[in-house]
> 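This structure is in structure tokens; I'll ask about it shortly.
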Amino acid sequence: MKQELESLITSVAKSVYGADIVVELTRPEEKFGDYSTNIALQMARQMGKNPREVADELATAVKEQLEDKVESVDVAGPGFINVRLRGSYLEENLQDMPDKRLAGKTAVAEYSDPNPFKVLHAGHLYTSVVGDAIANLLEQAGATVHRVNFGGDVGLHVGKTMWAIIQELGGEDPAGLQAINPAKRSEWMAGAYVRGTRAYEDDEAAKTAIVALNKRVYQLHDEDDHESPFAQIYWTCRQWSYDYFNDFYARIGTRFEKYYPESETAPIGLKTVREHTGSVYQESDGAVVFDGEKYGLHTRVFINSEGLPTYEAKDVGLLMLKQHDYQPDTSVIITGNEQEQYLAVVLKSVEQFAPELVKATTHLTHGIVKLQGGVKMSSRKGNFLRAVDVLDAAARANQAFTGQDSDDTVLGAVKYAFLKNRMGGDIIYDPEESVSLEGNSGPYLQYAHARARSILRKVEERPGGEGNSDFEQGERTLARKISEYPEVVNKAAMELMPHYICTYLYELAQTFNRFYEHNRVLGDARQDTRLMLVNRYADTLKNGLGLLGIAAPDKM
RNA sequence: GCGCGUGUAGCUCAGCUGGAUAGAGCGUUGGCUUGCGGAGCCAAAGGUCGUAGGUUCAAAUCCUGCCACGCGUACCA
């Protein structure tokens with residue numbers, strides 16, 4: 001509807017001004033109309049005329065030429081042109097769908113990126129929820145989306161955990177793993193990581209042992225060792241980590257098509273960097289670096305002086321692997337913003353030999369999850385919040401508030417609390433407030449949906465009403481709000497910003513609740529018109545929540 | 001030091017490709033029971049949009065300086 005009107009009004013404007021211009025419409029406050037343009041303010045200057053005068057000319061022409069769609073065209077303020085649509089035109093367009101701009105395209109979304117051998121913390125929950133919503137946006141725009149996950153199955157953290165595990169087992173004895181309660185595996189490994197980290201910091205001998213174990217893990221991959229006792233412990237525990245991740249993702253309603261472990265990206269990254277050493281990458285002090293400074297970036301090491309790939313090289317390998325596996329038209333990487341400049345260097349280096357790949361890649365970043373009062377959550381101090389702690393806290397509060405357990409409600413509350421913020425900055429997570437089920441929250445939206453469904457369920461029981469004449473005021477307000485949906489989704493998909501959808505859905509639900517409060521539906525003389533609107537509203541809300549990964553149950 | 005980012009109501013946030021009296025929620029204060037789910041609705045109070053300049057008919061929005069905070073800044077990720 002918006003695009004149609006824009007092109008229509010643009011052609012009217014051309015016939016009036018004779019200039020090559022493009023009219024863009026915005027959504028003003030309802031009292032001004034349905035769409036608005038400030039084109040007259042922009043044109044007046046170059047035409048040397050009074051803005052109001054220019055606006056009057058265009059307004060008159062639009063009114064005349066688009067009479068079938070437009071009820072009134074007014075000029076207001078310094079020269080805004082406000083368009084009010086005919087109710088019939090509004091109604092015709094109530095089922096408009098968002099664009100499929102990515103139809104036929106392939107997209108890869110990489111997010112979450114937890115490390116095996118470590119625990120999932122609140123930040124992983126945040127990045128998973130945001131990443132999933134962004135992947136949904138790509139999907140709804142028509143793309144085939146592959147969700148992938150990258151994580152460190154090699155590295156110092158693995159050495160720390162393995163050290164503590166071996167201590168716990170009383171030696172390199174894989175049989176001892178069978179004594180671990182399957183339900184407690186992830187907790188057991190998380191405990192091992194904490195002890196390993198403490199030992200690494202406090203105990204020189206342990207530190208030396210951990211560094212040695214770390215090298216053995218790399219070696220185990222090089223030799224493809226699955227047989228030695230040490231290897232058996234490693235592979236078993238690595239699998240436990242992936243099982244734990246999969247269980248968690250299932251719980252929050254997302255899933256990944258593929259894990260890219262660092263142990264797999266490292267060799268190809270190393271090979272790729274070596275191939276371009278001398279041209280793209282340079283040797284420097286025994287290491288291989290990329291000189292980012294000539295691009296206004298930092299210089300970073302890709303292969304260290306021991307010949308081992310750093311994270312930079314592993315990320316190069318990951319880019320190559322994703323390209324090889326999917327040949328994506330669009331590749332989105334979602335990480336914390338501490339990696340922004342780091343990844344910029346990696347991408348700039350790869351751009352030198354694979355420009356198309358980099359051109360198709362977008363790096364989106366988000367801030368960290370903080371507690372009320374700005375306390376950063378630490379994964380090293382022991383008092384950090386795990387991902388499950390967030391969900392459990394929400395579940396407990398929901399239980400206290402409603403007296404029942406509902407995964408839909410709890411997940412809706414947590415996801416919405418994360419998604420409603422514009423991505424980029426840090427977010428404050430207040431366990432109490434996030435599960436407070438009032439105001440701008442997921443459960444508010446779910447409730448607003450369930451109420452509408454409840455009305456629709458009763459239609460058969462209470463037939464009656466007629467009414468299709470033009471909208472009454474309350475009906476029109478709701479119809480107008482519903483009609484914004486495709487525009488909002490298009491914007492969110494273009495910018496990969498899910499929070500636009502949250503803002504809109506909240507406004508939509510508020511609009512509905514006001515409508516509900518003041519307009520009887522069942523048994524009213526205007527029942528048919530109102531039922532149509534309630535139906536459109538409920539479907540729109542459910543659809544929008546779906547994009548956010550939030551369920552919209554018919555009953556709560 | 002340099003680079004990236006943030007600074008909007010007591011709190012948490014929208015608004016930032018410049019436009020019409022700066023919007024929500026929470027909290028605070030005051031209302032709504034004879035009807036479709038009150039997890040709702042109506043209303044009030046509350047803001048030097050960090051700060052000082054600049055550009056513009058018009059700046060929370062663009063540019064510059066400054067202040068505060070966060071992150072990054074060669075062999076961690």
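Chain letters run A, B, ... following the sequence lines, proteins first, then strands; residues in each count from 1.
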> By the 4.0 Å heavy-atom rule, please label N519(A) as base, sugar-phosphate, or nothing.
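Base: the residue N519(A), judged by heavy atoms under 4.0 Å, touches a nucleobase.
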> Quick check for you: to the nearest 0.5 Å, what is the distance between Y311(A) atom OH and F150(A) atom CZ?
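With rounding to 0.5 Å, OH (Y311(A)) is 4.0 Å from CZ (F150(A)).
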> Record whether the side chain of N38(A) comes under 3.5 Å of the base of G19(B) through a donor-acceptor pair of N or O atoms.
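Yes, the side chain and the base share a sub-3.5 Å donor-acceptor pair.
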> Work out how far the C1' atom of G10(B) is from that of A45(B), and round it to whole angstrom.
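G10(B) and A45(B) have their C1' atoms separated by 13 Å.
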> Please confirm whether any donor atom in the side chain of E517(A) sits under 3.5 Å from an acceptor in the base of G40(B), or the reverse.
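When only heavy-atom distances are counted, E517(A) does reach the base of G40(B) through a donor-acceptor pair under 3.5 Å.
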> Measure from the ring center of H366(A) to the ring center of Y126(A) and say whether it is less than 6.0 Å.
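Yes, they do, as the ring centres are separated by less than 6.0 Å.
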> Which value, in whole Å, describes the distance between the P atoms of nucleotides G47(B) and A9(B)?
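Taking atom P in both G47(B) and A9(B), they lie 10 Å apart.
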> With heavy atoms under 4.0 Å as the rule, sort S441(A) into base, sugar-phosphate or nothing.
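Answer is nothing: S441(A) stays at 4.0 Å or more from every strand.
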> The side chain of E438(A) is closest to which nucleotide in this list: A14(B), G40(B), G72(B)?
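Nearest listed nucleotide: G40(B).
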> Is there a Watson-Crick or G-U wobble partner for A68(B) with both distances under 3.5 Å, and which nucleotide is it?
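Partner of A68(B): U6(B).
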> Would you indicate what Y444(A) reaches in the nucleic acid, counting non-hydrogen atoms under 4.0 angstrom: base, sugar-phosphate, or nothing?
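Answer is sugar-phosphate: Y444(A) comes under 4.0 Å of backbone atoms only.
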> Identify the nucleotide, in any strand shown, that forms a Watson-Crick or G-U wobble pair with U56(B), with both distances under 3.5 Å; if there is none, say none.
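Its partner: none found.
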> Are any of K420(A)'s side-chain N or O atoms less than 4.0 Å away from OP1 or OP2 of A14(B)?
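No, no such contact exists.
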> Is it the case that the ring center of F32(A) lies less than 6.0 angstrom away from the ring center of F80(A)?
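Here the rings of F32(A) and F80(A) have centres that are no less than 6.0 Å from each other.
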> Hey, does S305(A) reach any base, or is it just sugar-phosphate, or nothing, if we go heavy atoms under 4.0 Å?
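Counting heavy atoms under 4.0 Å across all strands, the contact made by S305(A) includes a base.
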> Among A74(B), U73(B), A20(B), which is the nearest nucleotide to the side chain of V301(A)?
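Output: A74(B).
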> Classify the nucleic acid contact of D315(A) as base, sugar-phosphate or nothing, counting any heavy atom under 4.0 Å across all strands shown.
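Since no nucleic acid heavy atom lies under 4.0 Å of D315(A), the category is nothing.
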> What is the nucleic acid contact for Q341(A), judged by heavy atoms within less than 4.0 Å: base, sugar-phosphate only, or nothing?
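Base: the residue Q341(A), judged by heavy atoms under 4.0 Å, touches a nucleobase.
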> Using the C1' atom on both, measure A58(B) against A22(B) and round to a whole Å.
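Roughly 15 Å separates the two C1' atoms.
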> For G35(B) and G31(B), measure between their P atoms and round to the nearest Å.
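To the nearest whole Å, 23 Å.
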> Please answer whether G72(B) and Y342(A) are stacked, defined here as ring centres separated by less than 5.5 Å and planes angled under 30°.
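No.
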> Using a 4.0 Å heavy-atom cut-off, does A44(A) contact any base of the nucleic acid, only the sugar-phosphate backbone, or nothing at all?
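No contact at all - A44(A) keeps every heavy atom at 4.0 Å or more from the nucleic acid.
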> Taking any heavy-atom pair under 4.0 Å as a contact, classify T365(A): base, sugar-phosphate, or nothing.
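Contact class for T365(A): none.
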> Once you round it to whole Å, what is the distance between P of C75(B) and CD of E306(A)?
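Going from E306(A) (CD) to C75(B) (P), I get 13 Å.
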> Heavy atoms from C-beta onward define the side chain here; which of G25(B), A77(B), A39(B) lies closest to that of Y506(A)?
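So the side chain of Y506(A) is nearest to G25(B).
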> What's D113(A) touching, base or sugar-phosphate or nothing? Going by heavy atoms closer than 4.0 Å.
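No contact.
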> Can you tell me if the side-chain N/O atoms of H499(A) get under 4.0 Å from OP1 or OP2 in G15(B)?
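Answer yes for this pair, as a side-chain N or O of H499(A) is under 4.0 Å from OP1 or OP2.
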> Scan Q339(A) against the nucleic acid and name what it touches under 4.0 Å (heavy atoms): base, sugar-phosphate only, or nothing.
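Base contact.
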> Measure from the ring center of Y506(A) to the ring center of Y416(A) and say whether it is less than 6.0 Å.
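When the ring centroids of Y506(A) and Y416(A) are compared, they turn out to be at least 6.0 Å apart.
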> Taking atom types as modelled, is there a side-chain donor on Y35(A) or N82(A) under 3.5 Å from an acceptor on the other?
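The answer is no; no qualifying pair exists.
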> Where the side chain of N513(A) is concerned, which of G40(B), C36(B), A77(B) is the nearest nucleotide?
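Selected nucleotide: G40(B).
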> Have a look at N304(A) and say if it touches a base, only the backbone sugar-phosphate, or nothing, with a 4.0 Å heavy-atom cut-off.
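N304(A): base contact, heavy atoms under 4.0 Å.
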> Name the nucleic acid region contacted by N214(A), choosing base, sugar-phosphate or nothing; use a 4.0 angstrom heavy-atom cut-off, strictly under.
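The answer is nothing, as N214(A) stays clear of every strand by at least 4.0 Å.
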> Given the ring of F117(A), does R238(A) sit roughly above its face, with NZ or CZ under 6.0 Å from the centre of the six-membered ring and within 45° of the axis?
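Geometry flag: not set, cation outside 6.0 Å or 45°.
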> Expressed as a whole number of Å, how far does the C1' atom of G27(B) sit from that of C13(B)?
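It works out to 15 Å between them.
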> Among G25(B), A39(B), A20(B), find the nucleotide with the atom closest to the side chain of Y447(A).
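Nearest nucleotide to the side chain: A39(B).
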> Determine the Euclidean distance between corresponding P atoms of U61(B) and G53(B); express it in Å to zero decimal places.
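Rounded to whole Å, the distance is 14 Å.
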> If you check every side-chain atom of E262(A), which of G19(B), C36(B), A77(B) has the closest atom?
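Closest nucleotide among those given: A77(B).
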> Given the structure, check if the side chain of T310(A) and the base of A74(B) hold any donor-acceptor pair shorter than 3.5 Å.
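A donor-acceptor contact between them is absent.
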> I want to check a possible cation-pi pair here: R451(A) against Y516(A), using under 6.0 Å from ring centre and within 45° of the ring axis as the test.
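R451(A) over Y516(A) ring: yes.
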> OP1, OP2 of C41(B) versus side-chain N and O of Q510(A): anything below 4.0 Å?
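Checking Q510(A) against C41(B): no side-chain N or O falls below 4.0 Å of OP1 or OP2.
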> For G40(B), which nucleotide is its Watson-Crick or G-U wobble mate, given both distances must be under 3.5 Å?
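Result: C32(B).
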> Pairing check on G1(B): which nucleotide meets the Watson-Crick or G-U wobble criteria with it, both distances under 3.5 Å?
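Paired with G1(B), as far as the under-3.5 Å criterion goes, is U73(B).
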> Y516(A) side chain N/O closer than 4.0 Å to the phosphate oxygens (OP1, OP2) of G38(B)?
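For G38(B), OP1 or OP2 has a side-chain N or O of Y516(A) closer than 4.0 Å.
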> If I pick the P atom on U55(B) and the same atom on U12(B), what distance separates them, to the nearest angstrom?
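To the nearest whole Å, 36 Å.
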> How is P28(A) classified with respect to the nucleic acid when contacts are heavy atoms under 4.0 Å: base, sugar-phosphate, or nothing?
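It contacts base atoms.
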> Quantified in whole Å, what is the C1' atom distance between nucleotide A44(B) and nucleotide G5(B)?
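Here A44(B) and G5(B) have their C1' atoms 38 Å from each other.
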> When D34(A) is tested against each of R476(A), R27(A), R84(A), K2(A) for salt bridge (Lys or Arg N to Asp or Glu O under 4.0 Å), which residue passes?
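Only match with D34(A) under salt bridge (Lys or Arg N to Asp or Glu O under 4.0 Å): R476(A).
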> Look at the side-chain N and O atoms of R514(A) and state whether any lies under 4.0 Å from the OP1 or OP2 oxygen of G40(B).
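Looking at the OP1 and OP2 atoms of G40(B), neither is under 4.0 Å from any side-chain N or O of R514(A).
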> Can a donor-acceptor pair be found between the side chains of Q352(A) and Y295(A) at a distance below 3.5 Å?
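Result is yes, a qualifying pair exists.
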> Should A45(B) form a Watson-Crick or G-U wobble pair with both distances under 3.5 Å, which nucleotide is its partner?
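Base-paired to nothing in any strand shown.
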> For G27(B), which nucleotide in any strand shown is its Watson-Crick or wobble partner with both distances under 3.5 Å?
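Pairing partner, where one exists within any strand: none, as none qualifies.
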> At under 4.0 Å between heavy atoms, what does K314(A) touch on the DNA or RNA strands: base, sugar-phosphate, or nothing?
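If one applies the 4.0 Å heavy-atom cut-off, K314(A) turns out to touch the sugar-phosphate alone, with no base involved.
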> Can you tell me which nucleotide in C75(B), A14(B), C41(B) comes closest to the side chain of R422(A)?
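Output: A14(B).
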